[in-house]
Amino acid sequence: MPELPEVETIRRQLLPLCRDQVIDAVTVKTPYLIKNCTAAVFCDALQGRRVRHLDRIGKYLIWECEGAYPVFHLGMTGIFLQDRRESRYPQHIHVEIGFESGQALYFQDMRKFGKIWLYPSYPEIPTLGTDPITGRITPAQLLSWLQRRKTTLKQFLMNQTPIAGIGNIYASEILFESSLSPYRKTDEVTAAEAQRLQRAIGRILNDAIERFGTTYSAYRTVNGQSGENQNFLKVYQREGQPCVSCGEAIIKTVMGSRSTFYCPRCQK
DNA sequence: TCTGACCTGCGA
DNA sequence: TCGCAGGTCAGA
C-alpha cells in the first residue's frame, strides 16, 4: 500500500486532528504489530502524552509526543481513520487512540503487514535513506549513488536505503516520466539521465500528494475517501493499453517478484 | 542477490 | 479455488 504520497497525505490529514491533543487511552487489539515492546508498555507510555507534531521519513510516520515517539509503518494496507464508521473492515482495526477531547483515531490494517515501534526520543532509522520530498537530492548526488551500485534502475528506486519512500507503483511511473527502462543498469546512467530521473522523482511524488495518493484497494484517506492519483497513472496497471506518448502497448513484466510496467519504445 | 514468508480480501 | 496485491525481512 502506502508509498510516500499516501503516507504524506495521511500525515497532513492527521496533523490537525491530533496536534496538541492529549492521549487519554490507547487500545491495542493485535499486540504483535508492536515490534519493540509489549502492548501494555506501549499503551501505558502514551497515556497522558500531548501530541506535538507528526513527522514522516519515507514511508514511516513518526508521532512526536512529549517524551514518547510511536512510529508507524503502514505495510501494504495500513490506514488511519477518524471515524470507525468509515471502516470497510472494522474487524481489522488494531489500534485505537482516544484523546481527552473525546475524539479518537483508528489504525486499520487488513493484511497486518504494518509495524509499530515506540521510542523514548526521536528515532534514528539507520537503513533509511534521504526523503525525496523533505530532503534535497541533487542530480550530482543521485548520479553518485547510481554509479556506486550495480543493479537495475527499478530495484534502485525500490531500495529504501538510498532514497526512502518510493514503492512499486511510483517506481514504474517515475521511470516512464524519465524515459528510462526499468532494466537499465545504474552504473550506465549518464549525468543527463540522472537529472531527468531526479526531476521525475520530485514531479511524480508531488503530483501524487496533490491528488491524495493512489487507491487500488485498501488505501483510503483519513476521512475514508479514495485518493485520485490512480486516474493519472501512465503505465502502472496499464498492460496492453497504448502508451500515452507513442501509442505502443504497455508491457507488464516481473522484476524482483514485483510487477513492473513500462513502454518498450519510450523507455531506453 | 533472490525467494519465500508474513496475512487477508478480491476477482477471474 | 487460485493467483495476485501498494512492503519488508530473514535465510539460502
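Letters A, B, ... are given to chains in the order of the sequence lines, protein chains preceding strands, and every chain is numbered from 1.
Considering only side-chain N and O atoms, A/Lys112 lies nowhere under 4.0 angstrom from the phosphate OP1 or OP2 of B/dC6. The phosphate of B/dC10 (OP1 or OP2) has a side-chain N or O of A/Tyr89 nearer than 4.0 angstrom. Within the structure, a side-chain polar atom (N or O) of A/Gln155 is placed less than 4.0 Å from OP1 or OP2 of B/dC2. Between A/Arg258 and C/dG7, a side-chain N or O to OP1/OP2 separation shorter than 4.0 Å is present. Taking 4.0 angstrom as the limit, A/Ser259 places a side-chain polar atom (N or O) nearer than this to OP1 or OP2 of C/dA5. In terms of phosphate contacts, A/Gln91 brings a side-chain nitrogen or oxygen within less than 4.0 Å of OP1 or OP2 of B/dG9.
Remark: P of B/dC6 and CG of A/Asp109 are 16 Å apart, rounded to the nearest angstrom. Distance, A/Phe156 CZ to B/dC2 C1': 20 Å, rounded to whole Å. Atom pair A/Tyr236:OH and C/dA5:P shows a separation of 6 Å (rounding to whole Å applied). For the pair A/Tyr216 OH and C/dG7 P, the computed distance is 13 Å after rounding to whole Å. Summarising the geometry, the separation between CE on A/Met110 and C1' on B/dG11 is reported as 13 Å, rounded to the nearest angstrom. The distance from atom CD of A/Gln108 to atom C1' of B/dG9 is 12 Å, rounded to the nearest whole Å. The distance between atom CG of A/Leu33 and atom C1' of C/dG7, rounded to the nearest whole Å, is 14 Å. Rounded to whole Å, atom C1' of B/dA12 lies 14 Å from atom CD of A/Glu239.
The residue A/Thr151 sits apart from the nucleic acid: no heavy atom pair falls under 4.0 Å. Among the protein residues, A/Lys35 comes within range of no part of the nucleic acid, since none of its heavy atoms lies under 4.0 Å from any strand.
Where A/Tyr32 and A/Lys150 meet DNA chain B, the nucleotide closest to each residue was compared, and A/Lys150 sits on the side nearer the 5' end. Both A/Gln237 and A/Thr127 lie close to DNA chain C; mapped to their nearest nucleotides by heavy-atom distance, the more 5′-ward contact belongs to A/Gln237. Residue whose closest nucleotide on DNA chain B sits further toward the 5' end, between A/Arg111 and A/Gly256: A/Gly256.
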Counting Watson-Crick and G-U wobble pairs with both distances under 3.5 Å, what is the dot-bracket string for DNA chain B, 5' to 3', using [ ] for crossing pairs and | for pairs to another strand? ||||||.|||||
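Figure legend: cation-pi geometry between A/Arg149 and A/Phe156 absent, as NZ or CZ is not positioned both under 6.0 Å from the six-membered ring centre and within 45° of its axis.
Distance from the side chain of A/His92 is smallest to B/dT8 among C/dT8, B/dT8, C/dA5.
Within 6.0 Å of CZ in A/Arg84 there are more than 12 heavy atoms belonging to other residues, nucleotides or ligands.
Inter-residue side-chain proximity for A/Leu105 and A/Phe99 is flagged as met; some heavy-atom pair is nearer than 4.5 Å.
Across C/dG11 and B/dC7, the matching P atoms stand 16 Å from one another, rounded to whole Å.
A salt bridge is defined here as a Lys NZ or Arg NE, NH1 or NH2 lying under 4.0 Å from an Asp or Glu carboxylate O, and A/Arg203 with A/Glu177 meets this definition.
Using a 5.5 Å limit on the distance between ring centres and a 30° limit on the angle between planes, the aromatic ring of A/Phe113 does not count as stacked on the six-membered base ring of B/dC7.
Ring-plane geometry between A/Tyr60 and A/Trp117 is classed as tilted, the angle between the planes lying from 30 to 60 degrees on a 0 to 90 degree scale. In this pair, A/Phe107 and A/Phe80 present their aromatic rings tilted. The plane angle is within the 30 to 60° band. Ring pair A/Trp63/A/Phe72 is tilted by interplanar angle, where 30° to 60° counts as tilted.
No donor-acceptor pair closer than 3.5 Å links the side chain of A/Gln47 to the backbone N or O of A/Val26.
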